[in-house]
Amino acid sequence: MVQVRPLKSIWMNGRLVPWAEANVHVLTHGLHYGYAIFEGIRSNATDSGPAIFRLRDHIDRFINSAKIYRMGLPFSREELERACVDLVADNGIPEVYIRPIAYSGAGEMGLDPTKCGIQVAIAAWVWGAYLGEENLTRGVRAMVSSWTRIDSRSLPPQAKCAANYANSGLAKMEATAAGYDEPILLNSVGMVTEGPGENVFRVKNGVISTPPASSGILRGITRDSIVRIAKDEGLAFERSDFSREELFTADELFFAGTAAGITPIREVDGRPIGTGKYPTTYRLQQRYQDAIHGRAAAYLHWLTPVPTSRPVRA
Ligand code: PPE
């Protein structure tokens, strides 16, 4: 958990407002019923200034989440993209986590959100490694959760809806209360899905695998980037379901997400994973770092530069 340090501004419904003024009413509909969709994006420092990683893909996913929830977004894709760029530029810090959120606003209570206006806000803050800086090399200790991951029949996991994170939160609290760093959730037929805020990857006999979208996961943009990088590196990759015991017998396991980056998993349910060395994980981690920091020509098209008129602080 990281204390959020206030920055300068937050984008709310079309304009930048001072950080302290970006408030909502306690009767905000989305707060009561979880009717909010959001994104998590990162801006990173590169040699030619700050750049937002895969902005278009994140905004596209945001728009898809809105579609799934019948939310009419009052802003276009281009307006939302520009808002993210303006927000990073205005706050003057190159390395920030960007959080667009759309939610049903105050006005009517009751379960039908279509009577409430849709509000859109975008905030940014400084967020280091989600699962701990030291765990980027050491790896986290995970446990398989007793909570079943939500699925498309109840809460569609492919929509990044706030309500999904109540399920994630139950699993996360269970894991931390039991002395672990992070849970891994299984679906209703017992196959591995994902972490509470990251996708899961396995390496076995030189083959990298990750559960398919049909297992009931968020289609991660980091996940997609890893698939592309693995291909480019000539590594064998497949989308395939795997079970709990296949976690235990993996050579390497790792979590992947915008906030978490690529974080090795060193233990599951008290069983050490592989030999405790993560050559494939580190190799992907290195290439991913190169990609997000503009050091890999092949992935420069994933970056949206943020124009800065003034010197920026790291
Ligand atoms: N699964 C879930 C459930 C998930 O929340 C995320 C992102 C991912 C997979 C990975 O998706 P992507 O970031 O596109 O590679 N989780 C966000 C953190 C949520 C939080 O606020 O906590 C994130 O990484 O931004």
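Order of listing sets the numbers, starting from 1, for every ligand and every atom in it. Quick caveat, the model's predicted, so the values are computed rather than measured.
Between E194 and N199 there is a side-chain heavy-atom pair separated by less than 4.5 Å. Between F242 and P211, some side-chain heavy-atom pair lies under the 4.5 Å cut-off.
Atoms of ligand 1 lying under 4.0 Å from at least one heavy atom of R149, given by number and element, are 3 (C). The atoms of ligand 1 that sit less than 4.0 Å from any heavy atom of G220 are 11 (O), 12 (P), 14 (O), 15 (O). Interface of E194 with ligand 1, defined as ligand atoms under 4.0 Å from a residue heavy atom, comprises 1 (N), 2 (C), 3 (C), 9 (C). Ligand-side atoms of ligand 1 in range of K160: 4 (C), 5 (O), 6 (C), 7 (C), 16 (N), 17 (C), range being under 4.0 angstrom from any heavy atom. Atoms of ligand 1 lying under 4.0 Å from any heavy atom of N199, numbered from 1 in the order shown and given with element: 9 (C), 10 (C).
Taking a cutoff of 4.0 Å between a charged side-chain nitrogen and a carboxylate oxygen, D232 and R228 qualify as a salt bridge. A salt bridge between D224 and R219 is absent, with no side-chain N of the basic residue lying under 4.0 Å from a carboxylate O of the acidic one.
Closest protein heavy atom to atom 21 (O) of ligand 1: R99 NH2, 2.9 Å. Looking only at protein heavy atoms, the nearest one to atom 15 (O) of ligand 1 is T222 OG1, 2.5 Å. Of all protein heavy atoms, the one lying nearest to atom 24 (O) of ligand 1 is A259 N, 2.8 Å. At the top of the distance list for atom 6 (C) of ligand 1, counting protein heavy atoms only, stands G197 O, 3.3 Å. Of the protein's heavy atoms, T258 OG1, 2.5 Å lies nearest to atom 13 (O) of ligand 1. Looking at atom 20 (C) of ligand 1, its nearest protein heavy atom turns out to be Y130 OH, 3.4 Å.
Remark: ligand 1 and F38 share no N or O pair separated by less than 3.5 Å (distance only, no angle test). Of the polar atoms of A256, none of the N or O atoms is found under 3.5 Å from an N or O of ligand 1, judged by distance alone. Between R219 and ligand 1, a contact under 3.5 Å exists for no N or O pair. At a 3.5 angstrom cut-off on N or O pairs, I221 counts as close to ligand 1. For a threshold of 3.5 Å applied to N or O pairs, the pair formed by S168 and ligand 1 contains no separation below that value.
Note: F38 and Y165 have tilted aromatic rings, judged against thresholds of 30 and 60 degrees for the angle between ring planes. Classification of the F75-W11 ring pair by plane angle, with boundaries at 30° and 60°, yields perpendicular.
Enclosure of atom CH2 in W302 by more than 12 non-hydrogen atoms of other residues, nucleotides or ligands within 6.0 angstrom is indicated.
Between E174 and S146, the side chains place a donor N or O and an acceptor N or O closer than 3.5 Å (distance only, hydrogens not considered).
The shortest heavy-atom contact between G294 and T46 is N-CG2, 4.0 Å.
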Please tabulate, for side-chain N and O atoms in residues 12-20, each donor-acceptor pair with protein atoms closer than 3.5 Å (sequence neighbours left out).
from, atom 1, to, atom 2, distance (Å)
N13, OD1, V120, N, 2.8
N13, ND2, Q119, OE1, 2.9

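The backbone N or O of G110 lies less than 3.5 Å from no partner atom in the side chain of H32, so there is not a single donor-acceptor pair. Under a 3.5 Å cut-off, the side chain of E252 and the backbone N or O of T281 do form a donor-acceptor pair.
When the heavy atoms of F53, Y97, Y165 are ranked by distance to atom 25 (O) of ligand 1, first place goes to Y97.
Only the backbone of P196 comes within 4.0 Å of ligand 1, counting heavy atoms alone; no side-chain atom from C-beta on gets that close. Only the backbone of E198 comes within 4.0 Å of ligand 1, judged by heavy-atom distances.
Ligand 1 is never approached by E39 to a heavy-atom distance shorter than 4.0 Å.
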